[in-house]
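Working notes, beginning with the structure itself.
Heads up: numbering here begins at 1 and tracks the sequence. In each ligand, atom 1 is the first atom listed, and ligand 1 is the first ligand listed.
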Amino acid sequence: MKRVALAYSGGLDTSVTIRWLTERGYEVVAVAVDVGQQEDFALVRERGMRAGAAEVRVIDAVDRFAGEFLIPAIKANGLYEGRYPMVSSLARPLIAEEVVRVAREIGAGVLAHGCTGKGNDQVRFEVAFGVLAPDLEILAPVRDDGIPREKAVALAEEWGIPIADVATSFSIDENLWGRTAECGPLEDPWAAPPERAFARTAPAQNRPSEPAEVVVGFERGVPVSLDGTARPLPALIREVDALGGRYGFGRVDMIENRRVGIKSRELYEVPGALALITAHRALETLTLERDVAHFKPSVEQRWSELVYDGLWFSPLRAAIDAFVDATQSHVTGEVRLEFSPGTCSVVGRRSEVSLYDEGLATYGEGDAFDHHHAAGFVRLWGMPLRVWSEVQGIGAEASGPGAGSPG
Ligand code: ARG
C-alpha cells in the first residue's frame, strides 16, 4: 500500500482529498499543523478519521511559526501589495516542512495537498515540496481531478464529513497572524462584505468609544513586551490582536494579484499584524539611518513578493533576510499605540539609541544646529541646477543664446 502524507486543515477540500486518496488505495497520514488558528483539533482529528485517514497527526508549531516566520515578517514589515500581512503565505512553507518531516518518518513516497488550481497555496506547497523533498511524488486531487466546490460540498455531505461552515460559503484560512476570507458573496468586488464574514474584528456598533493605549517594546526589531511586561511572541501577538479586534481595527478589503495571474477579492482580519508592523515601522523612523530608511522599503517589497509567490525556500529570500537582520541591530525601544474605533495610531516612540536629536531638531531654546552651515550647504546643493539654468534652462529659453533648441 502506498503511503501519503497530506497537508490537512480539517476543512472541506482537504477532507475530500483524504477520501479521494483512500478510495484509490492510498494509506493517508493527515498532518494538521497548529499555527495558532482557533481550531478544535479534536474535531479536526475526528473529521480526518471519518474521511478515512489511517492517522491524523496534530503538530503544535505555534512557537516555530512565531519565531521563524513572523519575526522575519515583522523585521521586513512584510505586506504584499502594501496591505496584506501574508497570513497564509507565511504559514505554507512551515506546513510543507512539517508534512515532509512526517513523510520521512513514515516512509511515505507521496506528498499531497487539497488546494485548487486557482490559488497561491498550491504554488507555495509544491515549490516548497520540490525544494525539501524533490524525490517525492506530489498529488493534488482537488485541482487535478477538477472537483468543483459544489461537488466537494455534496461529497462531504454524502460521506458524512462534518463540515461546520459549509453554509457560510466563504473559504477561510486562519492562524496566529490573522484570518483570511474569500469566495461566495465576496466574489463581487462591488458588494460590501457581509458582517458574518468577520470573526476577529468587532462590528462598528460594538466598538468601545474610549480609546485604549498599549506600549509595545522592541528589541532588535522583535516585539518583546507590552506595557513594560515581557511576553513570549505568540502571547504578545494574541493580546495586541484581541485589543485591535475589539476596536474593529485591522479589516482589509482588497483586490489582489495572485501569482497564478488572477485578480481576486480578499478580506483580511489582521489587527495584531498591522498594529505590530505599524509600531515596528514607527520605531525604525527613530533608529534607522536615513539612507538605510530609504533603501529598506524596496527590499521589503521584494521580500513580500517572494514570500507571497511561494519562494520562501530560496537563496534570495535568505539573502534579503540577512540584509534586513543587519538593519535591525538598533531597532530597540518602545512605541505607544492608541486604538480607537477602526483605527490604530502611533502617538509616541522612544529609544535609547534614537537618532532623533532634539538639540538639532528644536526651533526653541537649546538649538544646537549651526545655521551658518546651512547657507553654504544649500548653495552647493543647488549649484548644478543654477549652472544648468544659466546656460540651458528656463532663464536661457527666454533670453539667452540657443533659446528654444533642446540640448
Ligand atoms: N489570498 C491569500 C493568499 O494567497 C489567502 C489565501 C487563503 N487560502 C485559503 N486556502 N483559503 O495568501
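The distance from ligand 1 to the heavy atoms of Thr180 drops below 4.0 Å at these ligand atoms: 7 (C). Atom numbering of ligand 1 starts at 1 in the shown order; those under 4.0 Å from a heavy atom of Arg124 are 3 (C), 4 (O), 12 (O). Remark: ligand 1 atoms within the under-4.0 Å shell around heavy atoms of Ser171 are 11 (N). Shown in contact with Glu266 at under 4.0 Å from a heavy atom are these atoms of ligand 1, numbered in order with element: 1 (N), 2 (C), 5 (C). Near Asn120, with a cut-off below 4.0 Å to any heavy atom, the atoms of ligand 1 are 3 (C), 4 (O). Residue Ser89 has at least one heavy-atom neighbour below 4.0 Å for each of these atoms of ligand 1: 12 (O).
In this structure, the ring of Phe295 has its center less than 6.0 angstrom from the ring center of Phe323.
Within a 6.0 Å sphere centred on CD of Glu352, heavy atoms belonging to other residues, nucleotides or ligands number 12 at most. Heavy atoms of other residues, nucleotides or ligands lying less than 6.0 angstrom from CZ of Arg220 number 12 at most.
Nearest protein neighbour of atom 1 (N) of ligand 1, counting heavy atoms only, is Glu256 OE2, 2.7 Å. Summary of contacts: the protein heavy atom closest to atom 6 (C) of ligand 1 is Ser88 OG, 3.5 Å. Nearest to atom 8 (N) of ligand 1 among the protein's heavy atoms is Asp121 OD2, 2.8 Å.
The proximity of Arg258 to ligand 1, defined as any non-hydrogen pair under 4.0 Å, does not occur for either the backbone or the side chain. Contacts between Val87 and ligand 1, counted as non-hydrogen atom pairs separated by less than 4.0 Å, are absent for every part of the residue. Proximity of His113 to ligand 1, defined as any heavy-atom pair under 4.0 Å, is not found for any part of the residue. By the criterion of a heavy-atom distance under 4.0 Å, the side chain of Glu182, and not its backbone, is placed next to ligand 1.
When each of Arg92, Arg258, Arg143, Arg259 is checked for a salt bridge (charged side-chain N to carboxylate O under 4.0 Å, His left out) with Asp121, only Arg92 meets the rule.
At a cut-off of 3.5 Å, with distance as the only test, no side-chain donor of Ser15 or Arg47 sits close to an acceptor on the other residue. No side-chain N or O of His330 forms a donor-acceptor pair with one of Glu289 less than 3.5 Å apart. In the model, Trp303 has no side-chain atom that pairs as donor or acceptor with a side-chain atom of Asn77 under 3.5 Å.
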Run Phe69 and Trp177 through ring-ring contact (aromatic ring centres under 6.0 Å, His included) and show every step you take.
CA-CA 10 Å; Phe69 294 83; Trp177 209 219; over 10 Å; no
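In this structure the side chain of Leu311 never reaches within 4.5 angstrom of the side chain of Leu316, judged on heavy atoms.
When Tyr80, Phe170, Tyr268, Tyr84 are checked for heavy-atom proximity to atom 12 (O) of ligand 1, Tyr84 turns out nearest.
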